[in-house]
Amino acid sequence: MANKETFTYKTVGSLEIQADVYREGTGPERAVILWIHGGALIMGSRAKLPPAALLNRLLNRYIVVSIDYRLAPETRLDGIVEDVDDAYAWLVGQGPELFGANANRIAVMGMSAGGYLALTTGYRAQPKPRAIVSFYGYGDLTGAWYSQPSQFYSDHYLAVSREEGYAPVSGPPISNAPDGEGIKGRPGFYLYCRQNGLWPQGVSGHNPITDAAWFKPYEPLWNITPSYPPTLLLHGKKDTDVPFEQSALMKRELEWNRVPCELVSHPEWQHAFDVEQQDAPALPETFDKIMAFFAAHVG
């Protein structure tokens with residue numbers, strides 16, 4: 001069983017933003033997998049870890065660091081990305097002394113919104129991660145998929161009013177929101193945003209049509225250069241939350257810049273296939289591929 005230690009990597013006012021560090025025993029410095037949870041930047045917490053079948057394999061080789069970050073809309077997008085920048089800098093600066101991290105061998109992995117945040121480290125973090133793995137993440141924040149009403153969320157869920165949507169997110173800044181709140185909790189704000197095409201504005205305070213330039217520094221799709229880290233993208237073609245096209249667009253730009261990359265997909269995978277789709281095909285082989293990718297690029 002891995003040891004878990006909790007550290008505060010940043011304090012904003014009275015809010016402590018924390019990281020959980022998982023490692024098997026102690027010893028020489030080890031490479032690190034920085035894990036970023038999902039939840040549309042609105043929900044979730046560092047307790048939402050990778051699937052056990054993958055996590056256990058990672059812990060045989062690496063230290064795993066799972067971080068919280070401030071959540072929207074109480075904190076805007078720029079503040080959220082800043083938290084990830086600060087978590088990475090803390091890991092590089094203090095990780096070697098605190099828990100034996102090898103600051104030169106860091107990879108970043110995340111799911112959904114966490115996949116998006118992982119992709120931002122490819123051009124913002126210093127030194128650059130050795131590798132990035134994105135589970136059904138995205139590189140484009142202002143496209144029609146997020147800035148226009150979602151047919152899926154309109155057809156499959158009851159309409160959420162603005163009052164209902166904002167009711168649970170009108171308090172002070174928070175950095176974790178455990179699952180299970182139901183439709184009247186933070187998921188209601190997400191539904192309101194998706195049903196009305198307001199997610200970019202809801203999490204940033206900026207209009208993606210009239211102020212598109214503001215978003216560019218926070219969109220991985222437009223910030224890829226040849227020095228971007230090797231990247232593994234995983235995305236299902238039945239994803240009704242984040243379109244498969246998002247990872248396809250990232251792969252196109254990575255290949256254009258000659259960045260080593262691979263997109264792994266399956267026609268039956270849905271959103272969160274690795275944790276919620278119990279019968280998801282090809283999972284063992286997919287986890288094998290992730291471990292081989294880390295072995296090749298992180299060591």
Side-chain angles (χ1 to χ4, degrees), residues 36-44 69-85 110-124 134-157 159-170 173 177 186-225 228 233 235 239-254 256 271:
I36 310 178
H37 71 81
L41 305 182
I42 295 166
M43 304 164 281
Y69 47 88
R70 286 173 292 168
L71 300 174
E74 296 93 337
T75 298
R76 298 303 195 186
L77 175 64
D78 50 347
I80 295 170
V81 175
E82 177 190 279
D83 288 350
V84 176
D85 294 346
M111 60 181 293
S112 198
Y116 154 69
L117 291 171
L119 293 169
T120 69
T121 68
Y123 61 95
R124 295 180 64 92
S134 168
F135 281 87
Y136 33 90
Y138 41 91
D140 161 36
L141 303 179
T142 56
W145 77 282
Y146 243 179
S147 61
Q148 294 183 12
S150 163
Q151 193 69 47
F152 174 79
Y153 282 107
S154 296
D155 289 348
H156 291 81
Y157 294 87
V160 178
S161 69
R162 189 182 195 283
E163 292 71 24
E164 291 171 322
Y166 272 91
V169 294
S170 300
R186 299 184 75 83
F189 177 71
Y190 181 61
L191 278 178
Y192 167 74
C193 289
R194 293 305 305 268
Q195 289 173 348
N196 293 278
L198 294 173
W199 184 90
Q201 189 159 338
V203 303
S204 73
H206 292 264
N207 187 306
I209 307 301
T210 60
D211 200 7
W214 183 91
F215 288 87
K216 286 295 185 285
Y218 306 106
E219 294 186 289
L221 188 62
W222 311 115
N223 287 279
I224 297 170
T225 66
Y228 196 89
L233 306 160
H235 214 134
D239 196 322
T240 53
D241 186 53
V242 179
F244 171 76
E245 177 191 29
Q246 283 297 305
S247 286
L249 289 171
M250 282 296 299
K251 182 174 185 287
R252 184 192 70 186
E253 291 300 314
L254 290 163
W256 180 261
H271 196 69

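All heavy atoms count here, side chains included; hydrogens, waters and symmetry mates do not.
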Euclidean distance, T240 OG1 relative to Q151 CD, rounded to 0.5 Å: 12.5 Å
Side-chain (T121) to main-chain (A118) donor-acceptor, under 3.5 angstrom: yes
side-chain contact (heavy atoms from CB on, under 4.5 Å) evaluation trace for T120 with Y218: CA-CA 7 Å; T120 69; Y218 306 106; 5.9 Å; no
Within-4.5 Å side-chain heavy-atom neighbours: V242 and F135: no
Reported CH2-to-CG distance for the pair W222 and L141, which is rounded to 0.5 angstrom: 11.5 Å
Check: E164 side chain, G188 main-chain N or O, donor-acceptor pair, under 3.5 Å: no
Minimum heavy-atom distance between E74 and P173, given as atom pair plus value: CB-CA, 3.8 Å
Beyond-backbone contact of N196 with R162, side-chain heavy atoms, under 4.5 angstrom: no
Heavy-atom closest pair, residues P73 and G202: CB-O, 3.3 Å
Contact summary for Y136 and H271, nearest pair of heavy atoms: CD1-CE1, 3.4 Å
Pairwise side-chain contact, D241 with Y190, heavy-atom cut-off 4.5 Å (strictly under): yes
Side chains of H206 and P200 in contact at under 4.5 Å (non-hydrogen atoms): no
Pairwise side-chain contact, L117 with V81, heavy-atom cut-off 4.5 Å (strictly under): yes
Candidate list Y153, W145, Y146, test ring-ring contact (aromatic ring centres under 6.0 Å, His included), partner W199, passing option: Y146
Value rounded to 0.5 Å, distance of CD1 in I80 from CZ in R70: 8.0 Å
CA sep, side-chain torsions, deciding dist, call: M43, L71, side-chain contact (heavy atoms from CB on, under 4.5 Å): CA-CA 7 Å; M43 304 164 281; L71 300 174; 5.7 Å; no
Exam field: side chain R186 to backbone A72, donor-acceptor pair closer than 3.5 Å: yes
Aromatic ring pairing Y69/H37, orientation class (parallel under 30°, perpendicular over 60°, tilted between): parallel
Inter-residue atom distance I36.CD1 - S112.OG, 0.5 Å rounding: 12.5 Å
Interatomic distance, K216 atom NZ to D211 atom CG [nearest 0.5 angstrom]: 10.0 Å
Donor-acceptor pair, side chain of E253 and main chain of I224, under 3.5 angstrom: no
Straight-line distance of L119 CG to D140 CG, nearest 0.5 Å: 12.0 Å
Min side-chain heavy-atom separation L254-Y228 under 4.5 Å: yes
